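Note sheet for the following structure.
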Amino acid sequence: MSFLEDRKALTREKRLSALSHFHGTLEGLIDETSGTEIKQRVRTYSQIHVDETIYAFDVLSKIEDAAIIVNGAIGCGNIGLTQIDEAFGWYSTNLVERDTILGGEDKLREAVIRAYEEQHPKAVFIIGTPVVAINNDDVNSIILELEDEIGIPIISIYTDGFKSKTPVTGYDIVTHSLLKYLIDKNPEETEPFINVISFSESIEDIAAIAKSLKALDIKYQVLPRFSSIDEIKGASKAKATVVLNPEEGGYLARELEEVYDVPYIVTEAPVGFRGTKAFLLKLAAYLKVEDKASKYVDEVEAELTRSISKHLLDGKKIFIDASLSRIPAYARLFTNLGGEVVGFGAPFVDLENRNQLSKLRFLSKGITAVIGNGQYFEKANAIAKGEVDIYVSEFQGSSFASDEGATVVSTRNKSIYGFDGVYVLYDSFVKAIRLSGKLHGLDKGNYKISWKSKSGNWYVKQEVS
């Protein structure tokens with residue numbers, strides 16, 4: 001049964017038993033997540049972290065011809081300040097204490113009309129916040145009233161910022177609304193292109209994948225990130241769908257298949273040579289261009305073999321902090337370069353992405369596994385105990401690793417997808433090797449020795465089911 005019958009998307013915890021509280025070993029994590037359901041845990045201490053409202057805003061802000069209204073207090077409205085593009089604009093209803101008591105419908109109505117008159121968008125997205133979720137304003141009545149008046153889709157994004165500890169739920173909420181209210185439900189015919197689903201990838205990552213698709217003469221459209229409203233509407237016309245990060249875009253791909261009969265080609269994230277090769281060959285097999293793809297991959301492999309030393313990371317201990325869907329690809333690449341992966345961190349594990357853990361069985365079963373959104377003190381603990389040389393992170397806020405003597409390789413603002421991404425990661429490690437070891441022995445960490453000596457799970461209530 002399709003989830004679109006529900007008014008809004010369920011949280012990852014309810015839909016897929018998402019676990020975001022674990023500190024132990026790879027073996028322990030595999031055992032912990034092996035059942036038909038994943039037992040939940042509750043943190044008694046948690047550092048600040050992002051939530052699903054921020055994730056939803058981030059992806060919607062990359063849709064070309066849409067207007068965004070953050071329906072809430074000015075603090076929530078300021079999430080748009082994180083955008084790098086100075087030309088980017090959004091609207092806030094700026095709800096105050098009086099509005100939380102008497103309702104903020106008038107301010108929302110005014111914001112929608114203003115957004116339409118100033119930007120002339122093809123759709124308006126209204127992002128929910130904690131204030132509205134608690135106050136229960138009648139957003140839907142305003143949408144029905146104004147859609148007739150201005151003649152474009154007005155879509156509510158049912159985020160609230162506190163019901164989920166798994167921020168990727170924000171992508172699910174956006175997906176649900178796009179599928180339910182925007183995508184063409186009755187496409188006239190299939191067109192010769194594929195959907196490439198992207199939620200968190202940079203424009204450089206997209207360009208790296210586009211380079212390979214163009215080499216194979218594969219027509220495509222990227223959505224919802226960096227897409228237009230018309231492209232999103234046309235997603236149901238595609239020949240097939242692939243996803244760049246399965247744990248982020250799998251929900252959209254599966255619903256397109258179930259509801260709109262657009263086949264979902266299940267692949268792994270195109271990170272590293274092996275991951276990119278698997279991604280392209282799986283897609284090529286479906287589109288019946290295997291010979292062309294094999295020739296292209298062989299040429300790239302030959303060039304990589306000539307350009308890269310397999311001993312670059314000899315003797316280096318590495319900790320990976322990334323989306324679980326990408327960690328196996330990172331681990332294979334770093335191991336092939338001679339490194340030793342001694343631990344990893346990921347925001348969550350659920351019933352769908354837990355299959356990535358089995359792809360890590362080539363590593364020592366006793367390596368450290370930290371599952372949590374944020375939680376820098378845990379990772380600092382793991383890095384200090386594991387004597388990590390290099391800390392590889394996709395996330396912001398990595399200075400704590402430097403304080404613990406590790407050299408940081410941040411992939412946050414780097415293009416790590418596709419074959420070009422192999423060179424980017426390699427060059428990043430070349431630079432890291434020059435710095436590696438220089439910080440060891442410097443006792444300037446933010447956390448005291450007594451703090452680090454604590455058990456990794458001292459703050460977790462284990463009895464919660």
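Just so we're clear, the structure is a prediction, and the values are computed from it rather than from any experiment.
No side-chain donor-acceptor contact under 3.5 Å links Thr25 and Glu27. A donor-acceptor contact closer than 3.5 angstrom links the side chains of Asp205 and Ser202. Side-chain contact of Ser164 with Thr11: a donor-acceptor pair under 3.5 Å is absent, judged by distance alone. Side chains of Glu394 and Tyr330: a donor-acceptor N/O pair is present below 3.5 angstrom, by distance only. Side-chain atoms of Glu204 and Ser415 include no donor-acceptor pair closer than 3.5 Å. Side-chain contact of Asn71 with Thr93: a donor-acceptor pair under 3.5 Å is present, judged by distance alone.
Counting only distance, with no hydrogens or angles, the side chain of Asn373 and the backbone of Val50 share a donor-acceptor pair below 3.5 Å. Between the side chain of Asn353 and the backbone N or O of Asp350, at least one donor-acceptor pair lies under 3.5 Å. Here the side chain of Ser364 pairs a donor or acceptor atom with the backbone of Gly366 at under 3.5 angstrom. No donor-acceptor distance shorter than 3.5 angstrom exists from the side chain of Thr190 to the backbone of Lys239, with no hydrogens or angles considered. Between the side chain of Gln40 and the main chain of Ile38, a donor-acceptor pair closer than 3.5 Å is present. Looking at Ser358, its side chain does come within 3.5 Å of a backbone N or O of Asn355 through a donor-acceptor pair. Put simply, the side chain of Arg225 gets close to the backbone of Phe199: a donor and an acceptor are under 3.5 Å apart. For Ser61 (side chain) and Asp58 (main-chain N/O), a donor-acceptor pair under 3.5 Å exists by modelled atom type. Side-chain atoms of Ser236 never come within 3.5 Å of backbone atoms of Pro187 as a donor-acceptor pair (strictly under, hydrogens ignored). Side chain of Thr368 to backbone of Gly343: no donor-acceptor contact under 3.5 angstrom is found.
For the pair Ile320/Phe334, a side-chain contact is recorded, criterion being any heavy-atom separation below 4.5 Å from C-beta on. With a 4.5 Å cut-off on side-chain heavy atoms, Ile79 and Trp90 do not count as touching. Between Val259 and Leu179, every side-chain heavy-atom pair lies at or beyond the 4.5 Å cut-off. When side chains are defined from C-beta on, Val243 counts as touching Tyr264, because their heavy atoms get closer than 4.5 Å. Taking 4.5 Å as the limit, some side-chain heavy atom of Glu105 sits within range of a side-chain heavy atom of Asp138. Proximity of Pro246 to Glu268: side-chain heavy atoms (C-beta onward) are nowhere separated by under 4.5 Å. For the pair Gln356 and Glu247, the minimum side-chain heavy-atom distance is 4.5 Å or more. Under the 4.5 Å side-chain criterion, counting only non-hydrogen atoms from C-beta, Glu248 is in contact with Glu201.
Pairing each heavy atom of Pro347 with each of Ser323, the nearest pair is CD-CA, 4.3 Å. Shortest non-hydrogen contact noted between Gly72 and Thr129 is CA-OG1, 3.2 Å. The shortest non-hydrogen separation linking Pro224 to Ile232 is CB-CD1, 4.2 Å. Residues Lys107 and Asn94 share a closest heavy-atom pair of NZ-O, 2.9 Å. Across all their heavy atoms, Glu37 and Leu351 have their closest contact at CA-CD2, 4.3 Å. Scanning all heavy atoms of the two residues, the minimum distance from Glu231 to Leu223 falls at O-CD2, 4.0 Å.
Ring geometry, Tyr55 versus Tyr171: the interplanar angle falls from 30° to 60°, so the pair is classed tilted. Between Phe400 and Tyr391, the ring planes are perpendicular. Angles over 60° get that label, and only those under 30° would be called parallel.
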Take Thr169 and Glu52 through the side-chain hydrogen bond (donor to acceptor under 3.5 Å, both in side chains) test and state the conclusion after the steps. CA-CA 6 Å; Thr169 292; Glu52 80 273 11; over 6 Å; no

Between Tyr158 and Arg7, is the side-chain contact (heavy atoms from CB on, under 4.5 Å) condition met? List the steps. CA-CA 9 Å; Tyr158 294 100; Arg7 185 175 71 94; 2.9 Å; yes

Kindly indicate, with the supporting measurements, whether the criterion side-chain contact (heavy atoms from CB on, under 4.5 Å) is fulfilled by Thr267 and Tyr286. CA-CA 12 Å; Thr267 64; Tyr286 179 83; over 6 Å; no

Dump the intermediate steps for side-chain contact (heavy atoms from CB on, under 4.5 Å) on Asp217 and Val289, then the final yes or no. CA-CA 9 Å; Asp217 295 322; Val289 292; over 6 Å; no

Verdict with supporting geometry, Ile152 and Glu147, side-chain contact (heavy atoms from CB on, under 4.5 Å): CA-CA 6 Å; Ile152 62 171; Glu147 273 190 332; over 6 Å; no

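We find the NZ-CG distance between Lys39 and Leu19 to be 11.5 Å, quoted to the nearest 0.5 Å. A distance of 5.0 Å separates CD1 of Ile68 from CG of Leu60, quoted to the nearest 0.5 Å. To the nearest 0.5 Å, the span separating CD1 on Ile155 from CD1 on Ile229 amounts to 6.5 Å. Interatomic distance, NZ of Lys8 versus CG of Asp172, reported as 13.0 Å (0.5 Å rounding). From Thr411, atom OG1 reaches atom CG of Asp321 across 9.5 Å, with rounding to the nearest 0.5 Å. The distance from the CZ atom of Phe162 to the OG1 atom of Thr53 is 9.0 Å, given to the nearest 0.5 Å.
Within 6.0 Å of CZ on Arg15 lie more than 12 heavy atoms contributed by other residues, nucleotides or ligands. Within 6.0 Å of CD on Glu110 lie no more than 12 heavy atoms contributed by other residues, nucleotides or ligands. In the displayed structure, Lys185 atom NZ is contacted under 6.0 Å by more than 12 heavy atoms of other residues, nucleotides or ligands.
A salt bridge does not link Glu149 to Arg109: none of the charged nitrogens lies less than 4.0 Å from a carboxylate oxygen.
Relative to the ring axis of Tyr91, Arg114 does not place its NZ or CZ within 45° and under 6.0 Å from the centre.
Residues Phe344 and Phe319 place their aromatic rings such that the two centres sit no closer than 6.0 Å.
Checked against Val196 for a side-chain contact (heavy atoms from CB on, under 4.5 Å), the options Ile206, Leu283, Leu244 give a single hit: Leu244.
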